[in-house]
Amino acid sequence: MDDRSPEAGPRRAAVQALLDRYWRANRLVMLGLLLVWAAAGLGAGVLAADVLNGVMLPGTGYPLGFWFAQQGSILVFVVLILAYCLAMNRLDAKHRADLERARRGGDR
């Protein structure tokens, strides 16, 4: 395809709109996961530790607030990495299909 063809401008605009939508979705995924991590690490491990320390982790004898501060936030972080990978794989596959469709010129 030639950049001087009549379809080049609208096609380029469609591709740019897809890229904007992709990055907006990417930022939403990251923001959501960061909020979960902050809630687990800062919220449960620091801010709510006194309340959670009233609950003992079954079978260990450790208070729940201590566990979140020492282990829980790290485990939540590892799970969030997995969730990010899965979410981004799904988003990338959708974006790739949309981008190929836009570059071909729609539904042709």
Side-chain angles (χ1 to χ4, degrees):
M1 158 166 353
D2 188 8
D3 279 345
R4 292 168 283 169
S5 70
E7 297 112 13
R11 202 171 291 175
R12 194 173 304 128
V15 168
Q16 186 60 46
L18 286 171
L19 288 172
D20 292 342
R21 186 169 52 192
Y22 170 80
W23 284 108
R24 188 175 25 246
N26 188 340
R27 285 190 303 264
L28 284 173
V29 167
M30 284 191 291
L31 179 64
L33 295 176
L34 283 171
L35 288 174
V36 170
W37 187 33
L42 182 64
V46 177
L47 299 176
D50 291 336
V51 174
L52 292 174
N53 280 337
V55 177
M56 298 302 269
L57 199 60
T60 65
Y62 291 109
L64 191 57
F66 173 79
W67 183 84
F68 261 106
Q70 300 302 314
Q71 301 295 324
S73 59
I74 296 170
L75 291 177
V76 168
F77 182 67
V78 171
V79 170
L80 289 177
I81 292 171
L82 175 64
Y84 179 74
C85 289
L86 295 174
M88 289 311 298
N89 282 342
R90 198 172 323 126
L91 181 62
D92 287 346
K94 181 185 179 313
H95 174 68
R96 190 175 304 113
D98 290 345
L99 196 57
E100 287 302 317
R101 196 174 314 113
R103 285 185 175 152
R104 281 195 314 264
D107 294 325
R108 286 194 242 171

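FYI, the numbering just counts along the sequence from 1. Both backbone and side-chain heavy atoms feed into the values below; hydrogens, waters and symmetry mates do not.
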In the single-linkage hydrophobic clustering (I, L, V, M, F, W, Y; side-chain heavy atoms under 4.5 Å), do W37 and F68 co-cluster?
-> no
Connected-component partners of L42 among ILVMFWY, side-chain separation under 4.5 Å | V46, L47
Consider only side-chain heavy atoms of I, L, V, M, F, W and Y, link residues closer than 4.5 Å, and tell whether Y84 and L75 are in one cluster.
-> no
Would you say N26's side chain and Y22's backbone share a donor-acceptor pair under 3.5 angstrom?
-> no
Salt bridge (Lys or Arg N to Asp or Glu O under 4.0 Å) with R90: which residues, sequence neighbours excluded?
-> none
Reported CD-to-NE2 distance for the pair E100 and H95, which is rounded to 0.5 angstrom = 9.5 Å
Please name the pair of heavy atoms, one in P63 and one in N53, separated by the smallest distance, quoted to 0.1 Å.
-> CB-OD1, 3.2 Å
State, with a plain yes or no, whether a side-chain heavy atom of L31 is found less than 4.5 Å away from one of R27.
-> no
In terms of hydrophobic clusters joined by side-chain contacts under 4.5 Å, are L33 and F77 together?
-> yes
Any chain of hydrophobic side-chain contacts (each under 4.5 Å) joining L34 to L80?
-> yes
Linked, directly or transitively: L99 and L91 (ILVMFWY side chains, under 4.5 Å) = no
Taking side chain as C-beta onward, heavy atoms only, is Q16 less than 4.5 Å from L19?
-> yes
Is there side-chain contact between T60 and W67, with at least one heavy-atom pair below 4.5 Å?
-> no
Note: L18 and D98 closest approach over all heavy atoms is CD1-O, 3.4 Å
Closest approach of A69 to G45 (non-hydrogen atoms, all atoms of both residues) = CB-O, 3.5 Å
Tightest non-hydrogen contact, residues G41 and S73, listed as CA-CB, 3.6 Å
